[in-house]
Amino acid sequence: MTHATITAEQVMRVYEGLARRTLHMETLAREGDWGALIEEESHYVVDVEWLARCESGACLSRAQQERKSAVLGMILEREQTILGCLLTRRDELNQLIGLSRRQRDLTRSYGPQEAAVVDGRPRFEKGRP
């Protein structure tokens, strides 16, 4: 599709597709399906880039402009929800990383001492019934 052949209807179909895609992305984010979210987001970026290149060639009617505005509002709300899910996940991962670091540090600090501890029970239990 070239810039000259872009119709307002095609532009609106892409915006509607973006709205459906963000709804799906929001669901994936809420479910914690991060791999699928990343894949879906890559398709989203392609559509947004297409709009950035081609939308100026289309003349939207007043009704289409109003619909576009409403769709953009939905998209922005969903993107905020997705961002919130991503920030929550980031915080969870940061906690896990911190826990892992503390565990590693403890192992480094006390691990060699554990190996040096000798089990003395067999020596003292020889004469016991």
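In what follows, every heavy atom counts, from backbone to side chain, and hydrogens, waters and symmetry copies are set aside. Because the structure is a prediction, the values reported are computed rather than measured.
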- request: Take Glu79 and Leu76, measure what side chain to side chain contact (heavy atoms under 4.5 Å, CB included) needs, and give me the verdict at the end.
  value: CA-CA 5 Å; Glu79 285 182 349; Leu76 288 174; 3.8 Å; yes
message: Go through it in stages, so that I can follow the logic: the residues are Arg104 and Arg101, the test is side chain to side chain contact (heavy atoms under 4.5 Å, CB included), and I'd like the CA-CA distance, side-chain angles, deciding distance and then a yes or no.
response: CA-CA 5 Å; Arg104 181 198 64 210; Arg101 284 182 180 151; 4.1 Å; yes
query: Could you walk me through whether Glu55 and Leu60 pass the side chain to side chain contact (heavy atoms under 4.5 Å, CB included) check?
result: CA-CA 9 Å; Glu55 183 179 8; Leu60 300 178; 4.2 Å; yes
message: Determine whether Thr81 and Arg30 satisfy the following criterion, side chain to side chain contact (heavy atoms under 4.5 Å, CB included), listing intermediate values before the conclusion.
response: CA-CA 9 Å; Thr81 301; Arg30 287 180 189 273; 3.2 Å; yes
- request: Apply side-chain hydrogen bond (donor to acceptor under 3.5 Å, both in side chains) to the pair Tyr15 and Gln64, showing each step before the final yes or no.
  value: CA-CA 11 Å; Tyr15 275 107; Gln64 288 170 324; over 6 Å; no
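Counting only distance, with no hydrogens or angles, the side chain of Thr88 and the backbone of Gly84 share a donor-acceptor pair below 3.5 Å. At least one donor-acceptor pair under 3.5 Å links the side chain of Arg78 to the backbone N or O of Ala19. Using a distance-only test at 3.5 Å, with no hydrogens or angles considered, no donor-acceptor pair links the side chain of Trp50 to the main chain of Val48.
Note that CG of Leu37 and CZ of Arg89 are 12.0 Å apart. Values are rounded to the nearest 0.5 Å. In this structure, CZ in Arg13 is found 6.0 Å from OG1 in Thr7, a value given to the nearest 0.5 Å. With rounding to the nearest 0.5 angstrom, the CD atom of Glu26 is 11.5 Å from the CE atom of Met74. The distance from the CG atom of Leu99 to the CG atom of Asn94 is 12.5 Å, given to the nearest 0.5 Å. One finds the CZ atom of Arg21 at 8.5 Å from the NE2 atom of His24 (value rounded to the nearest 0.5 Å). The distance from atom CD of Glu39 to atom CE of Met25, rounded to the nearest 0.5 Å, is 12.0 Å.
Leu96 is linked by a side chain to side chain contact (heavy atoms under 4.5 Å, CB included) to Leu93, counting only residues two or more places apart in sequence or in another chain.
Between Leu18 and the choices Val71, Ile75, Leu72, Leu23, the side chain to side chain contact (heavy atoms under 4.5 Å, CB included) rule is met once, by Ile75.
Taking hydrophobic clusters as Ile, Leu, Val, Met, Phe, Trp and Tyr residues chained together by side-chain heavy-atom distances below 4.5 Å, Leu83 does not share a cluster with Leu28.
Contacts classified as salt bridge (charged side-chain N to carboxylate O under 4.0 Å, His left out) and involving residues 58-67 (residues at least two apart or in different chains) are given here: Glu16-Arg67.
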